[in-house]
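Inspection log for the structure reproduced underneath, given as structure tokens.
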Amino acid sequence: MSKYPLIIFEGIEGTGKTTQINNLTNFLNKNKYKYVKIREPGGTKNSEKIRKLILNKKSTLNKITDLFLYLASRSENLEKIIAKNYGKKIILIDRFIYSTLAYQHYGMNINKKLINYLNNFLVGRFKPNYIFLLTVDKKTLIKRLSKRKNKNKYDRLKINFYMKVQNGYLKLLKNKKNLFLINSCETLKDNKETIINK
Ligand code: TMP
């Protein structure tokens, strides 16, 4: 494997992905590793504009429109950030192709073959080397989501929707050799060490 892997973080709301990514970037900064970090939807200037369109609380865009917008945001990142840095810097991505399968297929029942086709068409040779999937149990999720302020369109979905999405992630990823499951109900410190050690 290249010394500059493509590392992705996946998981539903309330699993602490952002915190763990920040822990990892602090470690990379301290040890002077070269890396770039992006989130999806978002990343490039164009993709951040797309993010606002999708996640706006008042958005009335339908689920198929959202699907194409997530892919549009990914397309911009692939061209402008991932292709340019692949093999030259570590690439960290907060959500990637598996979010689209988990949310748009397992959560919203959009055809899985179509999503797989579009993901593969876009991503091509840029396959993740490490996938960290953060999980949470239902009781903890209810507690964590109730504390969230500034809810976006996707933060307002029902708990059962998120549990469906999480089960989808587990189904999708269970046989992947590069999957590392992180139970976000363990301590932040233990999970931070596990991720950095990997
Ligand atoms: P987040 O960046 O705060 O995690 O929010 C992004 C939201 O977008 C989150 O609810 C998951 C959702 N999402 C999808 O539904 N499909 C996708 O392909 C991606 C990248 C995100």
Side-chain angles (χ1 to χ4, degrees), residues 6-22 24-25 37-44 46-82 91-123 126-128 131-136 141-142 144-173 182 184:
L6 174 57
I7 305 171
I8 65 170
F9 286 79
E10 294 278 10
I12 56 171
E13 279 65 3
T15 52
K17 274 182 294 97
T18 310
T19 307
Q20 290 300 348
I21 294 175
N22 290 340
L24 180 56
T25 55
K37 179 182 86 166
I38 49 176
R39 63 176 177 181
E40 280 201 5
T44 62
N46 288 334
S47 303
E48 287 294 327
K49 284 186 198 156
I50 298 172
R51 180 184 175 93
K52 282 194 186 135
L53 266 180
I54 308 174
L55 297 181
N56 185 328
K57 273 186 241 179
K58 292 184 188 144
S59 166
T60 54
L61 297 174
N62 71 43
K63 63 184 187 180
I64 304 290
T65 307
D66 277 355
L67 167 70
F68 287 117
L69 288 173
Y70 284 118
L71 294 162
S73 157
R74 185 164 304 140
S75 167
E76 286 296 305
N77 285 343
L78 280 157
E79 183 214 341
K80 299 201 168 67
I81 297 176
I82 300 175
I91 302 174
L92 299 177
I93 317 181
D94 185 345
R95 298 191 179 283
F96 198 45
I97 47 179
Y98 303 110
S99 280
T100 319
L101 284 162
Y103 283 79
Q104 275 63 52
H105 171 62
Y106 287 99
M108 300 194 171
N109 299 318
I110 301 177
N111 185 282
K112 189 178 179 193
K113 262 195 186 161
L114 171 72
I115 299 172
N116 267 328
Y117 180 83
L118 293 167
N119 266 337
N120 288 335
F121 170 76
L122 277 179
V123 167
F126 304 115
K127 301 267 160 50
I131 305 164
F132 291 103
L133 174 61
L134 284 82
T135 60
V136 62
L141 178 66
I142 294 171
R144 288 183 186 167
L145 287 187
S146 69
K147 286 187 193 145
R148 284 201 165 195
K149 290 184 193 125
N150 287 327
K151 294 192 164 111
N152 68 40
K153 180 169 147 190
Y154 279 71
D155 280 331
R156 296 159 139 210
L157 296 165
K158 298 213 167 73
I159 297 292
N160 284 345
F161 170 85
Y162 294 118
M163 295 321 289
K164 246 190 344 189
V165 172
Q166 179 162 278
N167 288 335
Y169 267 127
L170 290 165
K171 229 188 259 177
L172 274 174
L173 293 169
I182 305 289
S184 73

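Source: prediction; values computed, not measured. Numbering of ligands and ligand atoms starts at 1, following listing order.
- Shown here is K63, whose NZ atom has more than 12 heavy atoms of other residues, nucleotides or ligands within 6.0 Å.
- With sequence neighbours excluded, the residues forming a side-chain hydrogen bond (donor to acceptor under 3.5 Å, both in side chains) with S99 are E10, R95, Y169, listed by chain and number.
- In this structure, Y106 has no ring pair (Phe, Tyr, Trp, His ring centres under 6.0 Å) partners at least two apart in sequence or on a different chain.
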Check ligand 1 for close polar pairs with the protein: N or O on both sides, less than 3.5 Å.
{"unit_1": "ligand 1", "atom_1": "2 (O)", "unit_2": "R51", "atom_2": "NH1", "d": "3.1"}
{"unit_1": "ligand 1", "atom_1": "2 (O)", "unit_2": "R51", "atom_2": "NH2", "d": "3.2"}
{"unit_1": "ligand 1", "atom_1": "4 (O)", "unit_2": "R95", "atom_2": "NE", "d": "2.8"}
{"unit_1": "ligand 1", "atom_1": "4 (O)", "unit_2": "R95", "atom_2": "NH2", "d": "3.2"}
{"unit_1": "ligand 1", "atom_1": "8 (O)", "unit_2": "Y70", "atom_2": "OH", "d": "3.0"}
{"unit_1": "ligand 1", "atom_1": "10 (O)", "unit_2": "E13", "atom_2": "OE2", "d": "2.3"}
{"unit_1": "ligand 1", "atom_1": "13 (N)", "unit_2": "Y70", "atom_2": "OH", "d": "3.3"}
{"unit_1": "ligand 1", "atom_1": "15 (O)", "unit_2": "Y70", "atom_2": "OH", "d": "3.3"}
{"unit_1": "ligand 1", "atom_1": "15 (O)", "unit_2": "Q104", "atom_2": "OE1", "d": "3.3"}
{"unit_1": "ligand 1", "atom_1": "15 (O)", "unit_2": "Q104", "atom_2": "NE2", "d": "3.0"}
{"unit_1": "ligand 1", "atom_1": "16 (N)", "unit_2": "Q104", "atom_2": "OE1", "d": "2.7"}
{"unit_1": "ligand 1", "atom_1": "18 (O)", "unit_2": "R74", "atom_2": "NH2", "d": "3.4"}
{"unit_1": "ligand 1", "atom_1": "18 (O)", "unit_2": "T100", "atom_2": "N", "d": "3.3"}
{"unit_1": "ligand 1", "atom_1": "18 (O)", "unit_2": "T100", "atom_2": "OG1", "d": "2.6"}

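- S59 and K153 form a side-chain donor-acceptor contact under 3.5 Å, judged by distance and modelled atom types alone.
- Proximity of a side-chain donor or acceptor of E13 to a complementary backbone N or O of Y162 within less than 3.5 Å is not detected.
- Residues forming a side-chain hydrogen bond (donor to acceptor under 3.5 Å, both in side chains) with S75 (at least two apart in sequence, or on another chain): none.
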